[in-house]
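In the text below, chain A, chain B and the rest are named by the order of the sequence lines, each starting its count at 1.
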There are 2 protein chains.
Amino acid sequence: MSANSRLTIAAHALTWIGLYQRRGHEVATSEQIATSVNTNPVVIRRLLAKLGKAGLAGSRRGAGAGWMLARDLAAITLLDVHQAIEPGPVFALHRATPNPECVVGHGIGPAMTAVYDGVEAALRRELAKTTLEDVLRDVLQAA
Amino acid sequence: MSANSRLTIAAHALTWIGLYQRRGHEVATSEQIATSVNTNPVVIRRLLAKLGKAGLAGSRRGAGAGWMLARDLAAITLLDVHQAIEPGPVFALHRATPNPECVVGHGIGPAMTAVYDGVEAALRRELAKTTLEDVLRDVLQAA
DNA sequence: GCAGTCGTAACGACTATTGTTACGACTGAA
DNA sequence: TTCAGTCGTAACAATAGTCGTTACGACTGC
């Protein structure tokens, strides 16, 4: 399937909230964020719900409700965001179990799993290098 | 998405061909490989066609037809295989263009693209570390 | 109260992956 | 020269994941 855009949307949303708060507002609504992201507010709420459970964002309910960051942008890495949205595996093993009576069919699963674990570890190391503060800086410099 | 299993299947197929050739056979048929992978021969042929175009495998047609490796297992890395099967991106940007009148909406694309390029480079470096010879060694040791 | 927003379920459109059938193209061997 | 075995590829179906949308109850400041 197509790669998913959740990390992009989540980083966008959190960065937007961070900037909005720095400009003096207390909370941001899912509708405001959705306008910047150009999507439906429910998509934003769904994502922020996960980020909330992971302790990256918080919400206030009732009138004057909205979202706020739970930590400063500089204290949130893209790895934090990535883990929060429960990523699926980058590579999958066989859909149907390969023939266990064949030497290759029997041993290929563990062999590839070891490689894939290494790949995902490298991916996490790479995402951990960038904080949302870095992202915001790039965003503002581009303007 | 579901992650895709093409790299797994391709590595399995090439490793199988390599082992089969070492045991004295000239070519392997897609049906034999499919039996080990536990899938349909067409799936194997589709994949091997791409690996062939990338110069990793070759086929002989007609009677007594089948597939052979174009290089030794030790000379094929998982990165070679990965590139051969034309991988999609690991992460996607927004499906709909974000609001360009918003600072964040305008700058987030390039910012995330830079990060994602770094991630994919790390992924490629990691895959380049393992050759199919390594995979075969692991497979045989597991038996 | 009530208006505004969250939280979440339910559903549909769209797309990618994988399996399957089908069939023409090719070639070694009888 | 024919034929059997295999490749190469198109076409289609089943399945699953993503994303957008509607709907509605829950919560709370005014």
Asks: A:Gln21 and side-chain contact (heavy atoms from CB on, under 4.5 Å): which single residue from A:Asp72, A:Leu73, A:Leu69 fits?
Replies: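 For A:Gln21, the side-chain contact (heavy atoms from CB on, under 4.5 Å) check succeeds only for A:Leu69.
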Asks: Separation of B:His94 atom NE2 from D:dC19 atom P, in whole Å?
Replies: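 After rounding, the reported distance stands at 11 Å.
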Asks: Judged by atom type as modelled, is there a donor-acceptor pair below 3.5 Å linking the side chain of B:Asp117 to the main-chain atoms of B:Ala114?
Replies: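 No: the side chain of B:Asp117 does not pair with the backbone of B:Ala114.
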Asks: What is the distance, to the nearest angstrom, from the CD atom on A:Glu86 to the C1' atom on D:dT18?
Replies: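 So the two atoms are 15 Å apart, to the nearest Å.
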Asks: Is there a donor N/O on one and an acceptor N/O on the other, under 3.5 Å, for the side chain of B:Arg61 and the base of C:dC26?
Replies: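 A donor-acceptor contact between them is absent.
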Asks: So, is B:Arg6 near the phosphate of C:dT17, with a side-chain N or O under 4.0 Å from OP1 or OP2?
Replies: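 So the side chain of B:Arg6 is within the cut-off, an N or O lying under 4.0 Å from OP1 or OP2 of C:dT17.
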Asks: Taking A:Thr29 for its side chain and A:Gln32 for its backbone only, find out whether a donor-acceptor pair lies under 3.5 Å.
Replies: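 Pair found, side chain donor or acceptor close to backbone of A:Gln32.
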Asks: Whole angstrom is fine here: how far is it from CG in B:Asn4 over to P in C:dT15?
Replies: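 That distance rounds to 18 Å.
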Asks: I'd like to check A:Phe91 versus A:Met112 (side-chain heavy atoms, cut-off strictly below 4.5 Å). Are they in contact?
Replies: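 Not touching, per the 4.5 Å side-chain cut-off.
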Asks: If we check side-chain contact (heavy atoms from CB on, under 4.5 Å) with A:Val81, which of these qualifies: A:Leu14, A:Thr8, A:Leu127?
Replies: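 Only match with A:Val81 under side-chain contact (heavy atoms from CB on, under 4.5 Å): A:Leu14.
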Asks: For DNA chain C, find the residues of residues 30-51 of chain B with a heavy-atom distance under 4.0 Å and give them by number; none if there aren't any.
Replies: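 Nucleic-acid contacts, sorted: B:Thr39, B:Asn40, B:Val42, B:Val43, B:Arg45, B:Arg46.
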Asks: Can you measure B:Arg95 atom CZ to C:dT15 atom C1' for me and round it to whole angstrom units?
Replies: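 These atoms are roughly 8 Å apart.
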Asks: How far apart are the C-alpha atoms of B:Ser30 and B:Arg45, what are their side-chain angles, what is the distance that settles it, and do they pass the side chain to side chain donor-acceptor pair (under 3.5 Å) test?
Replies: CA-CA 6 Å; B:Ser30 61; B:Arg45 292 206 290 270; 3.2 Å; yes
Asks: Between P on C:dA16 and CD1 on B:Ile85, what's the gap in Å once rounded to a whole number?
Replies: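 From B:Ile85 CD1 to C:dA16 P: 16 Å.
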Asks: When you measure from the side chain of A:Asp134 to the backbone N and O of A:Thr131, does any donor-acceptor pair fall under 3.5 Å?
Replies: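 Yes: the side chain of A:Asp134 pairs with the backbone of A:Thr131.
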Asks: With rounding to the nearest 0.5 Å, note down the distance linking CD in B:Gln83 to CG in B:Leu7.
Replies: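 The distance works out to 10.5 Å.
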Asks: Which whole-number value in Å describes the distance from B:Arg60 CZ to C:dG28 C1'?
Replies: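 Computing the B:Arg60:CZ to C:dG28:C1' distance gives 10 Å.
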Asks: Rounded to the Å, how far apart are A:Glu26 CD and C:dT5 P?
Replies: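 The answer, rounded to whole Å, is 15 Å.
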Asks: Where along residues 62-73 of chain B does a heavy atom come under 4.0 Å from DNA chain C, residue by residue in number order?
Replies: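 B:Gly62, B:Ala63 - these, ordered by number, are the residues of the stretch whose heavy atoms sit under 4.0 Å from the strand.
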Asks: Among B:Lys50, B:Arg71, B:Arg124, which residue satisfies the salt bridge (Lys or Arg N to Asp or Glu O under 4.0 Å) criterion with B:Asp80?
Replies: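 Result for salt bridge (Lys or Arg N to Asp or Glu O under 4.0 Å) with B:Asp80: B:Arg71.
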Asks: Does the side chain of A:Ser5 get closer than 4.0 angstrom to OP1 or OP2 of D:dC19 through an N or O atom?
Replies: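 So the side-chain polar atoms of A:Ser5 do come within 4.0 Å of the phosphate oxygens OP1 or OP2 of D:dC19, strictly under.
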